[in-house]
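Working notes, structure below.
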Amino acid sequence: MPIIAFVHYWQILFIPRYHEMQLLVSLLFILLQMLPMPEDITLLFAGDAMQHGPQIAAAKRSSGKYDYSKCFEYVKPAVSSADYAVVNLECPLAGKPYTGYPCFSAPDDYAEALKDAGFDMFLIANNHALDKRDKGAHRTIDKLSELEIPSVGLYHDKGHRLAASPFVATIGDFRVAFVGYTYGTNGIGVQGNLVVNYINADSISHDIERARKLGAELVCVLLHWGVEYAMTPNVRQKELTELLIDAGADMIIGGHPHVVQPFEMRFNPRTGRNVLVVYSLGNFLSNQNDTNSRGGAMVNVVISRQGTQAYIKSASYDLVFVQKPTYQLIPAWMPELVGKSSQSAFETFCKNARRLFSRYNVAVPESTH
């Protein structure tokens, strides 16, 4: 074909199609702009919700019911405003007689009050999970199911674990998986078919992989670990953290020491995403008396999307303090609610926590109110 004829043929066939493609691309771009973008979501994590004897006595009413509504009155707006909130329930719902330390059994009303405060899911794998042996653990699982509160870390048997774990929650336009584990159960062993998620790096890595196959965009690993009352993580916590980051965990949220430990926003070069590491949230609600155990932190996490990729956009923390004898949780941003008898403990708790975080935290500041 002569060159002039070829150019003429190309102009006839290609140029109109080129302009049509330009128009089509422009229309698609306009349509995409009109589509609603996925909104960011917020997650909230709180520490150890314990139930010591004096707390049970303070909640008991003449009707025989147990009223914990006042405990959460001032933190409920913050908890319930999160799109999804998680707490460590560190006491079995094993039924009567209700008991405190060393072997807990909390009233069912306590779990209901936590749900009413805005918590959506409970971690129940902790060192007190078997305080009332297998029977208490089975009842805890059943009672939370009745209350329609998802839980992770304890399962009736292997079949139940296979069906229920990893737990993948649809939160807004995001799919987030939660898995939970404990370092031990105070030397009390399982007697029957009950399954306790004990910390094992290989098992956790396998669960992270399964969570991805189930469609999870982000995976949160909840850990009951560390040394009680130590305000910095130990070598084992740090080593496990590195292993779980390599395995693809997006959030590693810890509890058990009953005091706060540092928080870090890390970057995983393998995934190109942020990883939030919370070594310990401290206590949420308890009767412990040591000043550093009189409260803990609530960590707020913002999840966003870039293109099709979900990622952790930011994280911040709030301090909460337990005021006795009412066991009301007082947010650090509401110091005017602290009574004179608790003033010194409140100020020392906040000062010590902030000093620790200012020294060790990485890109996880205190929230502004």
Side-chain angles (χ1 to χ4, degrees), residues 43-51 68 72 79-80 82-95 104-171 175-185 188 190 192-199 203-204 207-208 210-211 214 216 219-225 251-256 281 284-285:
L43 311 181
L44 182 143
F45 298 93
D48 303 336
M50 310 187 76
Q51 191 64 186
Y68 297 95
F72 307 111
V79 176
S80 58
D83 292 297
Y84 208 77
V86 180
V87 67
N88 172 42
L89 181 67
E90 195 158 357
C91 47
L93 305 175
F104 295 106
S105 180
D108 301 339
D109 300 301
Y110 187 48
E112 292 184 50
L114 285 164
K115 179 182 179 181
D116 183 66
F119 287 103
D120 300 286
M121 196 199 72
F122 295 171
L123 170 66
I124 54 176
N126 51 63
N127 59 305
H128 288 286
L130 298 183
D131 278 4
K132 300 297 181 179
R133 308 308 190 265
D134 287 33
K135 183 178 180 181
H138 284 301
R139 188 183 185 280
T140 301
I141 297 167
D142 286 337
K143 182 52 63 174
L144 293 178
S145 179
E146 286 178 28
L147 295 173
E148 298 183 334
I149 303 171
S151 62
V152 296
L154 289 182
Y155 307 94
H156 288 306
D157 50 37
K158 291 180 180 178
H160 179 211
R161 187 189 189 281
L162 185 63
S165 180
F167 173 71
V168 182
T170 299
I171 309 167
R175 297 266 290 168
V176 183
F178 298 89
V179 288
Y181 313 83
T182 180
Y183 75 92
T185 46
I188 303 171
V190 172
N193 295 326
L194 184 79
V195 175
V196 179
N197 274 1
Y198 291 108
I199 292 174
S203 177
I204 300 173
D207 287 345
I208 292 172
R210 283 193 66 228
L214 290 171
V219 180
C220 176
V221 180
L222 302 163
L223 297 173
H224 206 70
W225 63 349
M251 290 169 275
I252 300 169
I253 310 294
H256 171 64
L281 290 161
F284 184 57
L285 185 59

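Side-chain contact between Gln51 and Leu93 is absent, with no heavy-atom pair separated by less than 4.5 Å. Using a 4.5 Å cut-off on side-chain heavy atoms (C-beta onward), Met50 and Phe104 make contact. Taking the side chain as every heavy atom from C-beta outward, Val196 and Val190 approach each other to under 4.5 Å.
In this structure, Gly118 and Ala85 approach most closely via the heavy-atom pair O-CB, 3.6 Å. Nearest heavy atom pair, residue Gly47 against residue Val87, reads O-CG2, 3.4 Å. Between Ile188 and Leu130, the shortest heavy-atom distance links the atoms O-CD1, 3.3 Å. The heavy-atom pair separating Ala94 from Gly136 by the smallest distance is CB-CA, 3.7 Å. The heavy-atom pair separating Ile149 from Ala111 by the smallest distance is CD1-O, 3.9 Å. Contact record, Arg210 with Leu162: NH2-O, 3.4 Å, taken as the closest heavy-atom pair.
One finds the OH atom of Tyr181 at 14.5 Å from the OH atom of Tyr198 (value rounded to the nearest 0.5 Å). Atom CD1 in Ile199 sits 5.0 Å away from atom CG in Leu223 (nearest 0.5 Å). The CG atom of Asn126 sits 9.0 Å away from atom OH of Tyr183, with the distance rounded to the nearest 0.5 Å. Note: His156 NE2 to Asn193 CG = 11.5 Å, rounded to the nearest 0.5 Å. Rounding to the nearest 0.5 Å places OG1 of Thr140 at 13.0 Å from NE2 of His128.
Under the rule for a side chain to side chain donor-acceptor pair (under 3.5 Å), the partners of Arg175 that lie at least two apart in sequence or sit in another chain are Thr170. Residues that satisfy the side chain to side chain donor-acceptor pair (under 3.5 Å) test with Ser105, not counting sequence neighbours, are absent from this structure.
Atom NZ of Lys135 has 12 or fewer heavy atoms from other residues, nucleotides or ligands within 6.0 Å.
Between Lys143 and Glu146 a salt bridge is recorded (basic side-chain N to carboxylate O distance below 4.0 Å).
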Begin from the C-alpha positions of Val86 and Ile253 and carry the test side-chain contact (heavy atoms from CB on, under 4.5 Å) through to its verdict. CA-CA 10 Å; Val86 180; Ile253 310 294; over 6 Å; no
Report the C-alpha distance between Leu194 and Ile141 in whole Å, list the side-chain angles of each, state the deciding distance to 0.1 Å, and finish with yes or no for side-chain contact (heavy atoms from CB on, under 4.5 Å). CA-CA 11 Å; Leu194 184 79; Ile141 297 167; 4.1 Å; yes
Please evaluate residues His256 and Thr182 with respect to the criterion side-chain contact (heavy atoms from CB on, under 4.5 Å), reporting the C-alpha separation (whole Å), side-chain torsions for both, the decisive distance (0.1 Å), and the verdict. CA-CA 9 Å; His256 171 64; Thr182 180; over 6 Å; no
Checking side-chain contact (heavy atoms from CB on, under 4.5 Å) for the pair Leu281/Phe45: CA distance, chi angles, key distance, verdict? CA-CA 8 Å; Leu281 290 161; Phe45 298 93; 4.0 Å; yes
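In this structure, Phe119 has its ring center under 6.0 Å from that of Phe284. For Phe178 and Tyr84, the ring centers are positioned less than 6.0 Å apart.
Looking at Asn197, Leu123, Ile124 one by one, the single match for side chain to side chain contact (heavy atoms under 4.5 Å, CB included) with Leu154 turns out to be Ile124. A side chain to side chain contact (heavy atoms under 4.5 Å, CB included) with Leu114 holds for exactly one of Leu147, Leu89, Leu285; it is Leu89.
The stretch residues 116-134 participates, sequence neighbours left out, in these salt bridge (charged side-chain N to carboxylate O under 4.0 Å, His left out) pairs: Lys76-Asp116.
No donor-acceptor pair under 3.5 Å is formed between the side chain of Asp207 and the backbone N or O of Pro166.
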